[in-house]
There are 4 protein chains.
Amino acid sequence: MNTAIFGAGRIGKIHAGNLVRQPGVTLKVVVDPDAASASALAAQHGATTGTIDGVFADASIRAVVIASSTDTHADLIERAAAAGKAVFCEKPVDLSLARARDCAAAVKRAGIACLIGFQRRHDPTFAAAHARLVAGEIGDAEMLIVTSRDPGAPPVEYLKRSGGIFKDMLIHDFDIFRWILDDDAATVYATGSVLTDPAVGGVGDVDCTAVTIRTKKGRLGVINTTRRAAYGYDQRFEVIGAKGMLQAGNHRPTEVVSSTAQSVSADKPEHFFLERYQRAYANEMAHFFDALAKGTPIRTGIDDGVKALQLAEAATTSWREKRIVEL
Amino acid sequence: MNTAIFGAGRIGKIHAGNLVRQPGVTLKVVVDPDAASASALAAQHGATTGTIDGVFADASIRAVVIASSTDTHADLIERAAAAGKAVFCEKPVDLSLARARDCAAAVKRAGIACLIGFQRRHDPTFAAAHARLVAGEIGDAEMLIVTSRDPGAPPVEYLKRSGGIFKDMLIHDFDIFRWILDDDAATVYATGSVLTDPAVGGVGDVDCTAVTIRTKKGRLGVINTTRRAAYGYDQRFEVIGAKGMLQAGNHRPTEVVSSTAQSVSADKPEHFFLERYQRAYANEMAHFFDALAKGTPIRTGIDDGVKALQLAEAATTSWREKRIVEL
Amino acid sequence: MNTAIFGAGRIGKIHAGNLVRQPGVTLKVVVDPDAASASALAAQHGATTGTIDGVFADASIRAVVIASSTDTHADLIERAAAAGKAVFCEKPVDLSLARARDCAAAVKRAGIACLIGFQRRHDPTFAAAHARLVAGEIGDAEMLIVTSRDPGAPPVEYLKRSGGIFKDMLIHDFDIFRWILDDDAATVYATGSVLTDPAVGGVGDVDCTAVTIRTKKGRLGVINTTRRAAYGYDQRFEVIGAKGMLQAGNHRPTEVVSSTAQSVSADKPEHFFLERYQRAYANEMAHFFDALAKGTPIRTGIDDGVKALQLAEAATTSWREKRIVEL
Amino acid sequence: MNTAIFGAGRIGKIHAGNLVRQPGVTLKVVVDPDAASASALAAQHGATTGTIDGVFADASIRAVVIASSTDTHADLIERAAAAGKAVFCEKPVDLSLARARDCAAAVKRAGIACLIGFQRRHDPTFAAAHARLVAGEIGDAEMLIVTSRDPGAPPVEYLKRSGGIFKDMLIHDFDIFRWILDDDAATVYATGSVLTDPAVGGVGDVDCTAVTIRTKKGRLGVINTTRRAAYGYDQRFEVIGAKGMLQAGNHRPTEVVSSTAQSVSADKPEHFFLERYQRAYANEMAHFFDALAKGTPIRTGIDDGVKALQLAEAATTSWREKRIVEL
């Protein structure tokens, strides 16, 4: 199966590397406004460089990977829908909920397969915790605590175009919430602060947040985040049910423990998302082509993208207007 | 130094046992409406039984331990203040914030020493985490996550008279919040659910909660609780600062690890508060008499009792009225 | 029940403190060649000071605790046997195996109760691991790995009179071996080195050892020790059976974990034996008086003391003569 | 660079998969007496099948991977040396120490690069522990404890041709010993037992062992192994120095922790060597081609293969003849 990728940056390289390992899948075209990046990635995988129009005009290309900047996602999804090509798209669908909904409608009308890149669901630890929850190990989920912390804030220039912390960073956590608690949000309360760098506040954003979601069945989801965990990328959740608790913990680079006169110390968590979610990205890509080949459902479709965005928007409103938002 | 204790129940026995181990301290009188309990505890420690009036009329008694039912605390504190006796009182001061404030005023007028029993501050793990925070190990505290879960709900009869989960159970967590974040609350948001037993809802209470407190400096405190953690008493907190994180974890009865074909398993946490906080209760009593002897400040005074109650009341209001409460 | 204690040093104080907490037990006399130590300990517990002869002549004293120097143990045990008094004696029985056997014979002839102080069997973690092994959790024990490391070597003056590392330090580990593998040793191989301080070699001793014991049933026991674990007192064992493994780990002073830019670090193990085995010593004393009161067997009798000494002697021979010793 | 692989079995597939990922490296020929296996593996990687003679006659092939049965290793190494091709050979060099030494001589005469497959040195955890030891984190190594346990014994037919547990299984541990303690063995003592299956004894082998090695500098190395760890593949070591201890622990498939009314449980270790050492095998292959490309030394050369075998032979003798073997 021939494929094309939009975006040859950091995440594009990851996806291209995973894509070419899928049996029977060929990366035919790489598209990126930066010609050097596109050429380098194309050369690495025996592909050619091309244009957006060229890709959508090429009937031999049956699937596209969208790893370009956020503001291009919606257009590319809609064009892929129009061209009848399967889509693997990085999160988010769009920063506008209305636009994301339009995309979802286009995808459904066209009947194309579409995966939105919530790769955490494919992380070995997160996926195992979910599977054991579904298998009934702790009974029904009642409460979920999500800890999601980055090792450091991105540049302020990035933050300006990011859509804010709730759409940029917590979008993943909202998807985890939906996946684990398996219920619709009834109310969302979000608060946040600028504690790490005043420049974050200068662009109308916050760098740490606490979000509480109450579901229609009365289940409770609590998310805490910060842009700056000095000790690294901290990605955990714990879910409590009537029969116990499942905790999904961090991964460490090695299992070395050092005992000295000072302390007993172990590795910090994997540095950041490229390291922690390396296997998740690989699993996600394999899942996509496996589902395409078998015609089975894709685990995180465009509706999941829309619903996570809806929660991000509700949280943004709650924080800005200092009120509880009902959904 | 002669002392008396009010209350010969579960917690009264703990306090009496710790009291008699203090050098130079004698338990002279035990008071309890249940004569058999009073006699048994008095006999165990070579004390006599007595009455409230008798204790306050006995000039040789210089300190009293109040471990009787919650509705007696305020009266006994006020009488102790009037009699000029030092007070060691179990939490809470009272279920009414107004009444608690009256007590605080009485204590201050009388100039008596008064300790309110937030024993968690004396837990070796919690105290070490606090000391290391204060010593600057992770910089200023920015965010606090408190996990506080009981192994099972008390009888509904108890719940009716408990003042509700925020005053009964989270009062300790509000004190931890004040101690660790060291800042005043600006807003409180609380939500909760009845997930374990409908009878809890029948008496107008909830059995699990999520509380978010934003402080005046913008620090964030998040508390999650449940009355039913099937795996036992789960008492942890983690505090994040600019330079890292300090986590205060559970204690286990033993350090045995079993590896079998199924899993690698360790002990559950200590069963409940009497086990987990055994050393905390002992340290707390030693601190009380040490402070009395040296005339040094008591770590958790009546103002701490009042302020934790104020937060509990704000949380109760937030939950009942489904709104963010400003303080 | 009236009792006396011989020895008011470090371990004597521990035992005295535990002894006076036993219901119905009174510490009547403290004996120590150092009059000031004896007086101080006696005063602390409301006892008087006395002499060895006085204690054995006092018919009201029914049990003695021997916590004096090693070279006095055998005499005191024999005198206690002659006087018909129960004995709680610190390890070892004696540095001479022949003399220890004489003591054992005297104890048996007299029919007195006698506990030899292998307190590790009363440690909560070690005792739980043993109980679970006996309950069949991992099937029959096949292999045992004992890690036993001190935080630092004692003064060379102490080492000279210690009987050597095998009798002084590993005697506890030989008892653990007998307790856990529950089989007689067939062969012993021991080697050791002076790696920490040449002075240790100067007095004909070693400071780290590796000992392998093969039992009559073919089970394997391996012990590794060092006098200097820079990170503290390291006391662990793991036992493997057909169905799995049980590990008995170290205890830590607190459960604080610190995550910083450097590492994730936890407390070192409890500093040394007085801290790690605080509860073990208390449990051991309670067991002694409980067994006396009920007439039930004592968990570590004089034969256990003799047999651990026999293994220590075999190990010493193996190390000195560089050969495998058969028993 | 063109390459060939001998052996298309379990480990051959692993190596082939890693080989084709090296930049600039092509797998040209697959050789295996089983034609179907050879064809399948060749097809998977776009190679052809061939013969031993064909490979050595093909001047375009510059390196060979030897992943065939142990009894073919020495011949193939010698033929590669004669043909001037670089060698990547699975352990062991041979079951005969004399033959292995001949191979080493041939390799040296020919001046070819030769890697012997002690992949554990490339495991992220083991490699990090070694690097930190070398960097001086705990001072000089003084004592090493190696735990090396398989999840289950191989079929007795395999054991017959395996060379015995010391050459088959502990050969890796002897290499770890040499790598970590960085000193020559002075004495070896080995004992073992048949505890899991009498059939193991029937072919003159044992299924669990304890080995003690004393080095020329007096350092102590202790290895404990069993063929049957019911809980999985247990691969750890700990090294003690004057300033502390470094422990290299097991890897787990996920970081899920489950807390229930029974216990707090985590994953068992990775199932077996293919899982645990997946990254080690990949790193090892990358190291081989990187060293070839740069002309830098190979981490584990044929001398390492010979020396580990020498220790295995000494251990076998010690066990069989029940004596301490001096080297």
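Labels below follow one simple rule: chain letters A, B, ... track the order of the sequence lines, proteins then strands, and each chain is numbered from 1. Just so you know, these numbers use all the heavy atoms, side chains as well, and skip hydrogens, waters and symmetry mates.
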Query raised in the report: Is the shortest side-chain N to carboxylate O distance from D:Glu238 to C:Arg149 below 4.0 Å?
Result: yes
Query - Member of D:Arg120, D:Arg299, D:Arg121 meeting the salt bridge (Lys or Arg N to Asp or Glu O under 4.0 Å) criterion with D:Asp304 - result: D:Arg121
Report summary line: Residue from D:Ala242, D:Gly139, D:Gly241 scoring the most non-hydrogen pairs under 4.5 Å with chain C is D:Ala242
Tell me, side chain or backbone of [X] under 4.5 Å from chain C's heavy atoms, or both, or neither?
X: D:Asp234; answer: side chain
X: D:Ile145; answer: side chain
X: D:Met143; answer: side chain

Query raised in the report: Regarding D:Arg227 and the six-membered ring of D:Tyr158, is the cationic atom NZ or CZ under 6.0 Å from the ring centre and inside 45° of its axis?
Result: no
Report task. Run through C:Asp182, C:Leu311, C:Val146 and flag the one making a side chain to side chain contact (heavy atoms under 4.5 Å, CB included) with C:Phe177. Result -> C:Leu311
Requested in this report: Please confirm whether the backbone N or O of D:Asp140 pairs with a side-chain atom of D:Lys243, one donor and one acceptor, at under 3.5 Å?
Outcome: no
Report task. Kindly give the heavy-atom pair with the smallest separation between C:Ala312 and C:Phe174, and that separation in Å. Result -> CA-CE1, 3.5 Å
Report task. Might you work through the side chain to side chain donor-acceptor pair (under 3.5 Å) test for C:Thr125 and C:His251, ending with a clear yes or no? Result -> CA-CA 9 Å; C:Thr125 290; C:His251 293 187; 2.6 Å; yes
Query raised in the report: In residues 195-224 of chain C, which residues are in contact with chain D at a heavy-atom separation under 4.5 Å?
Result: C:Leu195, C:Thr196, C:Cys208, C:Thr209, C:Ala210, C:Thr212, C:Arg214, C:Lys217, C:Gly218, C:Arg219, C:Leu220, C:Val222, C:Asn224
Query raised in the report: Checking C:Ile324 against chain D: side chain, backbone, both or neither under 4.5 Å from a heavy atom?
Result: both
Requested in this report: Go through D:Tyr277 and D:Glu270 one step at a time and tell me if the side chain to side chain donor-acceptor pair (under 3.5 Å) criterion holds.
Outcome: CA-CA 9 Å; D:Tyr277 292 119; D:Glu270 292 279 10; over 6 Å; no
